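Being a predicted model, the structure only gives us computed values, none of them experimental. Letters go in sequence order (proteins before strands), and every chain restarts at 1. All values below come from the heavy atoms of this structure, side chains included, with hydrogens, waters and symmetry mates left out.
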Amino acid sequence: MSTELNVLKPADYGSDQEVRWCPGCGDYSILAQMKKVLSGIGAQPEKTVFISGIGCSSRFPYYMNTYGMHSIHGRAPAFATGLKCSRPDLDVWVITGDGDALSIGGNHFLHLMRRNLNLNIVLFNNSIYGLTKGQYSPTSPLGSVTKSTPRGSLDFPLNPISVALAAEATFVARSIDTNIQHLTETLTRASQHRGTSFVEVYQNCNVFNDGAWDYAKEKDVKDDNLVELQHGKPLTFAKGTRGIRLNGLQPEVVSLDQVPTDDLLFHDESADSPALAYLLSRLRYPQFPEPIGVFRAVQRPIYDEQINQQVEQAVAERGPGSLNKLFAGGDTWTVN
Amino acid sequence: MSTELNVLKPADYGSDQEVRWCPGCGDYSILAQMKKVLSGIGAQPEKTVFISGIGCSSRFPYYMNTYGMHSIHGRAPAFATGLKCSRPDLDVWVITGDGDALSIGGNHFLHLMRRNLNLNIVLFNNSIYGLTKGQYSPTSPLGSVTKSTPRGSLDFPLNPISVALAAEATFVARSIDTNIQHLTETLTRASQHRGTSFVEVYQNCNVFNDGAWDYAKEKDVKDDNLVELQHGKPLTFAKGTRGIRLNGLQPEVVSLDQVPTDDLLFHDESADSPALAYLLSRLRYPQFPEPIGVFRAVQRPIYDEQINQQVEQAVAERGPGSLNKLFAGGDTWTVN
Amino acid sequence: MSTQFEVQASSQKPVQSVSEITVRLVGDSGDGMQLLGTQLTNTSALSGNDVATFPDFPAEIRAPRGTRAGVSGFQVHFSSEEIFTPGDGLDALVAMNPAALVTNLGDLRKQGILILNSDNFEAKDLKLAKLNQDPRTDGSLKDYRVIEVPMTNLTRTAVEGTGLSVKQADQCKNFFAMGLVYWLFGRDVKPTLRFIEAKFSGKQDLAEANRKALQAGWSYGETTEHFASTFQVAPARLEPGTYRNVMGNQALAWGLMAASQLSHKQLFLGSYPITPASDVLHELSKYKNFGVRTFQAEDEIAAICSIIGAAFGGAMGVTTSSGPGIALKGEGLGLAVMLELPLLVINIQRGGPSTGLPTKTEQADLLMALYGRHGECPMPVLAARSPADCFDVAIEAWRIATRFMTPVMLLSDGYIANGAEPWRLPNVESLEKIEIVHPGPAEPGQTFLPYQRDALLARPWALPGTKGLEHRIGGLEKEDGTGNISYDPKNHQHMVNTRAKKVQNVAEVIAPLSVEGPEQGDLLVAES
Amino acid sequence: MSTQFEVQASSQKPVQSVSEITVRLVGDSGDGMQLLGTQLTNTSALSGNDVATFPDFPAEIRAPRGTRAGVSGFQVHFSSEEIFTPGDGLDALVAMNPAALVTNLGDLRKQGILILNSDNFEAKDLKLAKLNQDPRTDGSLKDYRVIEVPMTNLTRTAVEGTGLSVKQADQCKNFFAMGLVYWLFGRDVKPTLRFIEAKFSGKQDLAEANRKALQAGWSYGETTEHFASTFQVAPARLEPGTYRNVMGNQALAWGLMAASQLSHKQLFLGSYPITPASDVLHELSKYKNFGVRTFQAEDEIAAICSIIGAAFGGAMGVTTSSGPGIALKGEGLGLAVMLELPLLVINIQRGGPSTGLPTKTEQADLLMALYGRHGECPMPVLAARSPADCFDVAIEAWRIATRFMTPVMLLSDGYIANGAEPWRLPNVESLEKIEIVHPGPAEPGQTFLPYQRDALLARPWALPGTKGLEHRIGGLEKEDGTGNISYDPKNHQHMVNTRAKKVQNVAEVIAPLSVEGPEQGDLLVAES
Ligand SMILES: Cc1ncc(C[n+]2csc(CCOP(=O)(O)OP(=O)(O)O)c2C)c(N)n1
Ligand SMILES: Cc1ncc(C[n+]2csc(CCOP(=O)(O)OP(=O)(O)O)c2C)c(N)n1
Ligand code: SF4
Ligand code: SF4
Ligand SMILES: [Mg+2]
Ligand SMILES: [Mg+2]
């Protein structure tokens, strides 16, 4: 991040390319918030790189006036890993979709999480394959009727937050495309985290899966269906009228008329064990309000730093490598 | 599973091929126990299929006198999925290694878990790449010095049980190659589970990673370092002298002199939420004794059954398909 | 029908007889060009022409209106002779806006007919199309027979009184264009009237408006001075039979379903969506009552592996994809060659390399099909020549796969996949059966040799569940006959030769090659 | 040295001068054949011969003793002329047990020398080797000059008094065999004595025993009636300079490190282990003080993608694999071709197809290297011709990659990778530098064109971090110059042609082809 005085406005982070998402697509809002975030943190465009896979969401890099790569389907984490290992000085953002990250790209996603490079990954979850025009994705609910599943999908959906946590992620958060302030704050926190930060964003695909997240977006219901995680604070929602309490390991919704706040579950994003964060990831609508915000934020050694430290250590111990010495180091003989 | 009187002995399940693992390899014991298990459940060799990837462990199918496929690296779950969908009548076992399942095969592993086909997968975890002669694997501890990491590995290891749980597995268990009785029981339970059953087996590679599991295998220490999970029972270990208690979500080891058994954490393998199982998966040596046994065993619709039910329903609703009718079903015209 | 349709049965103007016409209809994605094209296709086919068509979708899901990126097109080639492609140079181009005009004009023949919706050439339309000048006035159209028609206004007038809003009225203008095109090429409007009736049943105002627009277009042609004559394409001499239009991907799906029935094999499709192959997955997933199982895999590797698993179990394993996905299947295909199991890999090619031009067509994957695997790894490769041919090729591919116990690669492309042509309905009972014999249970004491071969070098397809045939297969080199692992170099050479010879043996059972097109030329593309 | 070594400087028997010898040493994995082979190689090289060697490991990690699966071999070819391969037909074969004998006999020339450890031909040994008859008596050896030596017993006798157990004594028998071989081919024992001294320093009893065994073997040759003469291979006329032996994979790793220094580029290796390529990863991971970063990826796809990422950032991206892994890289390589970034993909070929014969060699991936990608996707392909050549080819490949902004495929194979030959040490300072120019920051108002090309059609390598050069690249077809997405067919054709021409342009900068071997023949394998 730049330490100079920032003079760039959000619009300065946009490229000259025409944005080609469907009118009304949730991707627009995420793009707008991202520009705000970069402006807010004073990102230098020439030091910033966006890397995406393939999908509607993965068009993202074209619209940013930074360095960027629109790669191949599912593999963006691997490109980012190679780049970041050899260029730890760059600010790297990975942009992906639910199909890109969790279907074809599931393996790279796991390994990105566990390695903990200092970069950010944002998953635009619209629970559908947008670009290929509407097949179900790994986050589509059971029974989804789509082009490829006229009688309903049979694969139990993956929970991106649970998967990230199980893959040893150090920063895990969730936000919503149109929840402008929350999204901006969440992306900002992601950018500040040292290590890999993973943000799932509920994104509306108004063409192939319209309204999938209405329960979390519509004014009249969202307060009942969301619980905003705040470090050290109890889990309350519905405008502070209800809360979540643990009964053993079983969460339950309680009314704050009847239960004192102190009895509620308190969030601890920096807990050493991911068990709490995992438990929170299992709260799903409609049984529970769904948590948004930061599930987990802990520190762990950073892969790209360490790979470069090993190089420095080796140089310190053995001196910079000399090829002539290396070659002559074994049994040699001379021909005259 | 056969309902006929079983007449096959363990040895009858072995093929005529010479077993080619290194002398002393933990794989031998798993092979021996598997034959016992098949004999015990009365498996019919002609109805049983072993499918493996690539690795030392993946040689397994050659040694079984059943149908078998030694496929390609990391993809065994996908072969098994196709086979089981079209032949739900077969008993399918997937055999894999820590590299095979969690490195190259991580994505297929995730999707196998969430789909919940009625088959079994056994992961031989030796925390090393055996067949390629000793590189670190996704389960190798941080800092592992191996052929490819002379200065120590930098990737935080994956926890196979955590990953399986996050991928919505319905049956998750752990056992140990040389713990003959426990392994036999665990594999038997896996075979009885309706749905995908995942078993991690600690396996010693005495050539490239000897002693990795000594803490869980050596007579004098294993009781202190393992806690055997039993449904409905409290978590006790060290010959019943110690136990595990939850302090909020934080597990702690307590002495049973001081703490009554009732205060301990009680295991519930059939809990609806995987949160308890996940929490147990985080107990790792040396901070905690490591759980072995069944972490989770719950029921959920079975993919291969459902895919075939959709076919049956379609036939019931629309009658068996007639090509002639289908072809003539649109705008047609006749040329004379 | 609530109003009587008032167009005369045929035009009063002079008729010019031609043997074939290629016309392309282009406009904004929202302009309904695909519908217009499909109607023209069906009508032409019903009137006895041979027809070949090709739709051209924009690359974006919903590109901004009026921009070049948003242009959607549909090309129809109809003829009194047998035809093999949707045509190259255009005889006529109908362009609904400037973006559509400039992106397609290059394909119009000199002196070709160019019909424009002149209401859509305002400054803002030109700007959306990134044009500094109006092509109608800057000389770029001088080589064509330009006919400007204020379609939007004429349509509004035509539908007045039906109670439609202006926006709704404007959506009828493709029917106006259709009427004009029908008039110009002497097409019968009746099938389209039936279509309107069915499509807008329950929305009588819309049905009425579209009928009126259609009529207005037709009448415009008949009355305006622009057109001196109409064109007439006589019926083609097609083989007698019952026909329908089919698109390539549809014919492919149906061919697979037919092969499944002809061979009494469950059809198991393992596939991952990708343009332009996804429609085969969509089509097949509709026909579960034909016993079809479709499996949307997590990726293309899982897809090919799943069908190898299914083939091991005795099903008809099929996977469909396009370039980037096929590139991922090389390792799996290598295993299939080694296992010698029958299955089909279908590549609906698109523009490459890499992500390339996903919505555009290309035929550049042949060498990958032949050689895109490590080691000596031969496999029969078939290609479809037209949309309807996909049906036959699918059956032939499956026949070869099972006869020879080999994976077969089948090539199609975006052009064939989305193109359409008349298809003579086969009588399913008369299609040649695909005979498959699985070895039965072994007698006691008998040893089963999974790699023992028949005269054409195929090995037996022994199914799990069969007593006494238990065997293990895998990707390591196999000993001849037993199939046990063998590192013996002589055996390896023998197996390499055998696998190659087996694929060459396919030539023994297929029909001799036939030449299509001129008898002489620089390049021969041989076909069986 | 505790005892004086008592062999005479050279044999008293007649000496037969020959220009070259190919000998293979075979035994059980536990018999120390690799050590024997390496010593013979070094000694031959030190005596001035040109040498080429090839080790042959068993497929299993630890196969059962005495079985065919457990046979380990090492072939040495030494010559007074320049040689290019480890040799085909064997002049001499040393076999330590029946399994080793039968699996290797086929390669011994008629009348070739066959030395057997006759102590290892008991009934149990024959059974382990799956032999019903003793090959020494059933006539199978009649075409060879068989010399049976009871090596085990002679070794036991030789080492008596050193205090070794029988088991330990038996482990010395490879040194006995070595002594005999050294005697037969007139090799100097001194280097091996030095080796023993160093290897067993601190274990004087073992050092002493091995020295005694070596001496016993040498003396056996000199005294027994079996051998009428020894063979003498004169020094080869090699170019003057300092030499060492290198193995192919080692030379490759060092070549990459040299290329990294010559071009001032960080070497980033992204790789997934696979036989026989893993040793390049192992070798490079040792040299972090050369600035090498090695990344063991989760699979081969991640490996190729990681190096594309690294190349985008300005590093020297390299990935190494073998057939099954290379098959997985096709899609990634297609992207690299489209992005026009420099990087190296190294295929250490092994026996295929599929998993094939992982520990055996084969050169059957050429067509996949050329065509294993979808679309028109050209890429320069280079092949190493020998172990030492790997060093030069690695540098040349990197020079081409950066000069043309293209991925380059480099082929080696198991033979070259594990084979060794003398390598004349280059003077690093005199190696030609690899010049790479990155565009600097843009002036205000200047627009950067990422796909603008130089005379040879290479595009600029603009690095993140450079102000004003911000640009986006991807797998979709690009507009010439700007690199923006373009679906225009004419532009696509232009870009397809340009990418092809660029690869053809490589011919402009490489040295002319040279013919190696006979001037005439049926097949020419051209090499630059
Ligand atoms: C190797 C490969 N397989 C398949 C495709 C086709 N494809 C492109 S995007 C996509 C899925 C997109 O879904 P998602 O990641 O959820 O992104 P969205 O479009 O919904 O933003 C698929 C299957 C491809 N481009 N490459
Ligand atoms: C596509 C591919 N990549 C790499 C390999 C090489 N390879 C074979 S097994 C293996 C890893 C084995 O490790 P694991 O799965 O833990 O099995 P183990 O040998 O330890 O039982 C690797 C990298 C291969 N055969 N195929
Ligand atoms: S298809 Fe859906 S996700 Fe894609 S751009 Fe359109 S609205 Fe957005
Ligand atoms: S290398 Fe290790 S895992 Fe493989 S067979 Fe030997 S001991 Fe077992
Ligand atoms: Mg999506
Ligand atoms: Mg392992």
Inset, instruction - Would you please indicate if the ring centroids of B/F124 and B/F60 are separated by under 6.0 Å? - result: yes
Legend entry - Centroid separation D/Y272 to B/Y129 less than 6.0 Å: yes
Inset, instruction - Ignoring hydrogens and angles, tell me if any N or O in the side chain of D/S72 forms a donor-acceptor pair with the backbone of D/P58 under 3.5 Å. - result: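 Side chain of D/S72 to backbone of D/P58, a donor-acceptor pair under 3.5 Å: no, none is there.
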Legend entry - Contact residues of residues 204-212 of chain B (partner chain D; heavy-atom separation under 4.5 angstrom): B/V207, B/F208
Legend entry - chain D-proximal positions within residues 97-111 of chain B [heavy-atom distance under 4.5 Å]: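 Only B/G99, B/S103, B/I104 of residues 97-111 of chain B have a heavy atom under 4.5 Å from chain D.
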If you round to the nearest 0.5 Å, how far is [atom2] of [Y] from [atom1] of [X]?
X      : Y      : atom1 : atom2 : value
B/F198 : B/F295 : CZ    : CZ    : 10.0 Å
B/L90  : B/K84  : CG    : NZ    : 6.5 Å
D/R65  : D/D125 : CZ    : CG    : 10.0 Å

Inset, instruction - Go through D/K173 and D/D31 one step at a time and tell me if the salt bridge (Lys or Arg N to Asp or Glu O under 4.0 Å) criterion holds. - result: CA-CA 8 Å; D/K173 67 176 178 297; D/D31 283 346; 3.7 Å; yes
Inset, instruction - Go through the atoms of D/A302 and report whether side chain, backbone, both or neither lie under 4.5 Å from a heavy atom of chain B. - result: neither
Inset, instruction - Ignoring hydrogens and angles, state whether a donor on the side chain of B/S57 or B/D27 is under 3.5 Å from an acceptor on the partner side chain. - result: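 Absent: no donor and acceptor within the cut-off.
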Legend entry - Residue list, side chain to side chain donor-acceptor pair (under 3.5 Å) with D/D28, at least two apart or on another chain: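 So D/D28 forms no side chain to side chain donor-acceptor pair (under 3.5 Å) with any residue.
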Contacting moiety of [X], where chain D heavy atoms sit under 4.5 Å:
X      : answer
B/S153 : neither
B/C56  : side chain
B/H70  : neither

Acceptor/donor pairs from residues 279-286 of chain D side chains to any protein atom, 3.5 angstrom cut, sequence neighbours excluded:
{"unit_1": "D/D279", "atom_1": "OD1", "unit_2": "D/H282", "atom_2": "ND1", "d": "3.1"}
{"unit_1": "D/H282", "atom_1": "NE2", "unit_2": "B/Q135", "atom_2": "NE2", "d": "2.9"}
{"unit_1": "D/E283", "atom_1": "OE1", "unit_2": "D/K286", "atom_2": "NZ", "d": "3.0"}
{"unit_1": "D/E283", "atom_1": "OE2", "unit_2": "D/W254", "atom_2": "NE1", "d": "2.8"}
{"unit_1": "D/E283", "atom_1": "OE2", "unit_2": "D/Y287", "atom_2": "OH", "d": "3.2"}
{"unit_1": "D/S285", "atom_1": "OG", "unit_2": "D/L281", "atom_2": "O", "d": "3.2"}
{"unit_1": "D/S285", "atom_1": "OG", "unit_2": "D/H282", "atom_2": "O", "d": "2.9"}

Inset, instruction - Could you point out which residue of B/Y13, B/Y63, B/W93 forms a side-chain contact (heavy atoms from CB on, under 4.5 Å) with B/M34? - result: B/W93
